[in-house]
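What follows is a set of notes on a single structure, which appears directly below.
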There are 2 protein chains.
Amino acid sequence: MIEIRSLKVAGKVTLKHIADELGVSAMTVSRALNNSGSVQGKTQERILETARQMGYRPNHIAKSLVSRRTYTLGVVIPEISHSFFPEVIRGIEQVVYDKGYQIILAHSSEDAVREQEVVEMLLSKRVDGIMISCSQNTEDASFFENIAKTDTRIVFFDRCIEDIGISCIGVNDRNAAYKITEHLINLGKRRIAHLKGSGKVSITKNRLLGFEEALHQNRVNTFSELIIESGFQEKGGYEAMKILLDLPTHKRPDAVFAVNDPVAFGAMEAINEAGLRIPEDMALVGFSDDIRSPLMSVPLTTIHQPAYDIGTKAASKLIRLIENDKELQEKVMLISTLKVRESCGANQ
Amino acid sequence: MIEIRSLKVAGKVTLKHIADELGVSAMTVSRALNNSGSVQGKTQERILETARQMGYRPNHIAKSLVSRRTYTLGVVIPEISHSFFPEVIRGIEQVVYDKGYQIILAHSSEDAVREQEVVEMLLSKRVDGIMISCSQNTEDASFFENIAKTDTRIVFFDRCIEDIGISCIGVNDRNAAYKITEHLINLGKRRIAHLKGSGKVSITKNRLLGFEEALHQNRVNTFSELIIESGFQEKGGYEAMKILLDLPTHKRPDAVFAVNDPVAFGAMEAINEAGLRIPEDMALVGFSDDIRSPLMSVPLTTIHQPAYDIGTKAASKLIRLIENDKELQEKVMLISTLKVRESCGANQ
DNA sequence: AGGTAAAATGTTATCGTTAACATGATTGAG
DNA sequence: CTCAATCATGTTAACGATAACATTTTACCT
């Protein structure tokens with residue numbers, strides 16, 4: 001039985017406290033607790049027991065200062081209330097937990113200025129790496145390029161800035177956009193609108209590209225007045241749709257492809273308010289397969305993205321980049337699939 | 001124009017690097033950057049400019065070691081895929097961002113062991129405080145009591161352990177449960193079941209209490225075989241409901257009050273599978289107003305909780321506890337409201 | 001017993017920043 | 001012109017842990 005003179009130390013217990021308690025040096029205590037050999041079995045036991053009794057908790061702040069490693073990763077998302085992101089986070093969390101890391105969650109609120117602020121903060125906190133899905137008005141690629149030059153690793157997921165040598169984990173946006181557009185064409189739609197995202201991020205560009213390609217390949221006219229920037233949120237979708245609905249009746253689209261499901265929900269509301277029926281008067285499809293999409297009064301046809309897997313891939317890629325100097329940057333495109341429901345008019 | 005000899009320093013730029021660059025001491029640089037008086041205007045300008053050019057970023061790890069403050073808060077949630085929690089996090093994030101803190105998000109996956117692990121980790125990371133919503137099998141109050149004795153502040157939200165002197169931010173669970181049960185009684189239900197939560201957490205206890213009270217006050221029989229533990233997840237709701245459905249027909253409930261909406265969704269599935277209609281054959285109500293609840297084929301009657309506000313209150317309470325020694329522990333009960341939809345049978 | 005290799009423990013310096021104190025430069029009053 | 005007060009800057013130590021090196025103790029062999 002070991003007698004503890006000062007079970008309650010003012011403030012937190014440190015190695016030094018334990019060392020003083022037992023009349024050994026802090027180094028010996030450190031070695032004992034880390035099991036790093038060459039501490040007499042008996043001494044080690046006494047140290048472990050005393051540490052337990054004194055409620056010792058290693059100070060990772062101090063450890064990090066020495067090791068220059070925090071085992072903490074930053075995760076920056078634009079909007080936590082889209083069901084897609086919590087699901088990605090769930091994936092990230094699982095990997096990160098298994099590998100012994102933690103995440104600092106930061107929220108850009110779809111604002112590029114705030115995004116840079118929180119990234120700066122993460123860097124000051126010396127996170128080992130950052131996973132980021134860009135805000136809707138992120139334009140400044142050089143900001144990320146400069147970070148990539150430092151020893152802090154970055155990985156984009158979902159909303160990426162492409163071709164600047166930073167890994168991207170997303171889905172085959174272009175191909176999926178192509179498929180869902182072609183699906184509308186096959187249903188006989190000929191005036192197809194696109195509510196497009198914004199900024200320089202991958203999904204804006206690639207979903208638009210896939211859309212245009214599908215029209216072109218299928219010899220369907222593209223109408224520039226039917227391509228409207230909506231951003232990525234419900235409100236933007238509502239407003240963009242209003243613009244389309246204000247067109248003269250014969251110029252209105254017969255189908256709308258929204259850059260993501262929240263935007264489609266906004267559009268849905270505008271269409272309902274205008275007294276039009278989905279899909280009879282106007283077909284509508286989205287992208288991302290939000291948790292609400294199958295539950296809408298007219299279930300939304302969309303592209304299903306493996307959100308959880310995007311999270312696990314992004315996290316494991318980032319950790320590999322951190323832990324292995326040889327690891328290369330790469331673009332990972334997971335497979336997304338067309339989810340046909342009723343809003344496109346196929347299942348009537 | 002200042003000439004920088006070594007714009008690129010191996011590793012990260014420190015105060016020392018800037019100091020050497022300008023031939024001053026690190027302390028002067030520190031003072032200049034922190035604007036803490038008594039640095040000559042001219043010198044300060046040179047320092048600021050050089051710091052900018054060298055891409056200096058303050059090292060919060062080192063700062064934290066000195067100040068024993070990390071401006072980081074831990075947030076522990078049991079399950080990120082319930083829409084309630086992302087919404088709480090959104091509230092937390094807003095306050096925390098405004099006050100200059102960050103959050104480390106940790107996930108217990110409804111597992112008390114993992115919960116303790118992540119809390120230990122947060123403590124090792126020396127977070128200034130922790131917000132936690134307990135897992136479904138959290139029983140060990142002393143674990144939290146011991147932490148509360150240290151100088152790390154804790155606040156519970158939603159799923160609290162009560163009466164151990166730690167602040168709780170939640171809703172008037174007992175009263176709300178009373179109301180929704182009474183609502184079922186007023187609709188003529190007389191064999192009312194409860195799918196109850198688990199563990200020692202507040203919502204399990206209080207929602208059950210409110211349920212029983214409503215039955216008692218309204219002179220409706222309580223049937224102990226109609227109170228089944230389901231936990232807090234969809235799967236648990238499904239399984240618990242199966243048990244009720246296996247009862248002989250005349251012993252089956254005519255209404256079911258689920259401890260939360262995900263559990264109600266699980267129950268809904270079981271009821272549908274059994275070929276029964278909601279609400280005609282069996283009424284069903286939940287608690288929490290999940291984002292999916294109004295969208296179900298039979299929209300779910302439930303209790304709406306102000307999730308965002310729970311987040312903001314929890315965060316500001318925690319920050320006040322951290323920053324102000326005089327701040328007292330308290331129990332905050334926000335007002336939740338009955339949301340009558342169709343699953344209870346009122347709006348047919 | 002003497003000597004040496006191996007094992008156990010201790011000491012010092014460091015990570016980047018800042019508080020506390022120390023020193024040197026400048027100013028102004030008498 | 002001198003001396004003290006004020007201002008600007010520097011030095012040292014500390015936060016808690018550990019790597020690298022240094023010392024002491026133990027064990028074993030001849």
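Below, chains carry the letters A, B, ... as their sequence lines are ordered, and counting in each starts from 1.
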* Before giving the answer on side-chain hydrogen bond (donor to acceptor under 3.5 Å, both in side chains), spell out for B:Glu117 and A:Tyr97 the whole-Å C-alpha distance, their side-chain angles and the decisive distance to 0.1 Å. => CA-CA 10 Å; B:Glu117 267 180 53; A:Tyr97 172 79; 2.6 Å; yes
* Structure fact -> Assert: residue with more 5' nearest nucleotide on DNA chain D, out of B:Gly41 and A:Ile61, is B:Gly41
* With respect to the phosphate group of D:dC7, does any side-chain polar atom (N or O) of B:Gln40 fall under 4.0 Å of OP1 or OP2? -> no
* Donor-acceptor contact below 3.5 Å, side chain B:Thr70 vs main chain B:Arg126 -> yes
* Kindly state each residue pair satisfying ring-ring contact (aromatic ring centres under 6.0 Å, His included) with at least one member in residues 128-152 of chain B, sequence neighbours excluded. => B:Phe144-B:Phe156
* D:dT18 P sits how many Å from A:Tyr56 OH, rounded? -> 6 Å
* To do: Ignoring backbone atoms, establish whether B:Ser67 has a side-chain N or O less than 4.0 Å from OP1 or OP2 of D:dC15.
  => no
* **Side chain A:His107, main chain B:Arg90, donor-acceptor under 3.5 Å** => no
* B:Arg68 CZ - D:dA14 P separation (whole Å) -> 13 Å
* **B:Glu49 bridged to B:Arg52 by N-O distance under 4.0 Å** => yes
* Structure fact -> The nucleotide from D:dA14, D:dG16, C:dT9 with an atom nearest the side chain of A:Val66 is D:dG16
* Rounded to the nearest angstrom, tell me the gap between atom CE in B:Met54 and atom P in C:dG16. => 13 Å
* To do: Write down the distance between CG (A:Asn35) and C1' (D:dT18), rounded to a whole number of angstrom.
  => 16 Å
* **Identified side chain to side chain contact (heavy atoms under 4.5 Å, CB included) counterpart of A:Ser135 within the set A:Arg114, A:Glu79, A:Glu115** => A:Glu115
* Asked: To the nearest 10 degrees, what angle separates the axes at the start and end of the helix from C:dA1-D:dT30 to C:dG30-D:dC1, five pairs each?
  -> 60°
* To do: Name the closest nucleotide to the B:Asn59 side chain, picking from D:dA17, C:dG16, D:dT18.
  => C:dG16
* Spacing between A:Leu65 atom CG and D:dA19 atom P, to the nearest angstrom -> 13 Å
* Donor-acceptor pair between A:Gln329 and A:Ser167 side chains, under 3.5 angstrom -> yes
* Structure fact -> Residues in residues 24-32 of chain A with a heavy atom under 4.0 Å of DNA chain C, by number, are A:Val24, A:Ser25, A:Met27, A:Thr28, A:Arg31
* Asked: Is a side-chain donor or acceptor of A:Gln44 paired with a backbone partner of A:Ala32 at a separation under 3.5 angstrom?
  -> yes
* Structure fact -> note: A:Lys63, atom NZ; D:dC15, atom C1'; distance rounded to Å ~ 16 Å
* Sequence neighbours excluded - ring-ring contact (aromatic ring centres under 6.0 Å, His included) pairs with any residue from residues 50-79 of chain B -> B:Tyr71-B:Tyr101
* Asked: Among B:Arg153, B:Arg68, B:Arg69, whose side-chain hydrogen bond (donor to acceptor under 3.5 Å, both in side chains) with B:Asp128 holds?
  -> B:Arg69
* **5'-most by nearest nucleotide on DNA chain D - A:Ala62 or B:Ser38** => B:Ser38
* To do: Please determine if B:Lys313 and B:Glu330 form a salt bridge, counting it only when a charged side-chain N lies under 4.0 Å from a carboxylate O.
  => no
* Asked: Excluding sequence neighbours, so at least two apart, what forms salt bridge (charged side-chain N to carboxylate O under 4.0 Å, His left out) with A:Lys16?
  -> A:Asp20
* To do: Could you tell me whether A:Thr43 contacts a base, only the sugar-phosphate backbone, or nothing, with contacts defined as non-hydrogen atoms closer than 4.0 Å?
  => sugar-phosphate
* To do: To the nearest Å, give me how far apart NZ (B:Lys42) and C1' (D:dT9) are.
  => 14 Å
* Could you check whether B:Thr14 gets within reach of a base, just the sugar-phosphate, or nothing at all, counting any heavy atom under 4.0 Å? => sugar-phosphate
* Can you check the B:His17 NE2 to C:dT14 P distance for me, whole Å? -> 14 Å
* Identify, residue by residue, the members of residues 119-129 of chain B with a heavy atom below 4.0 Å from DNA chain C, and return them in order of residue number, or none. => none
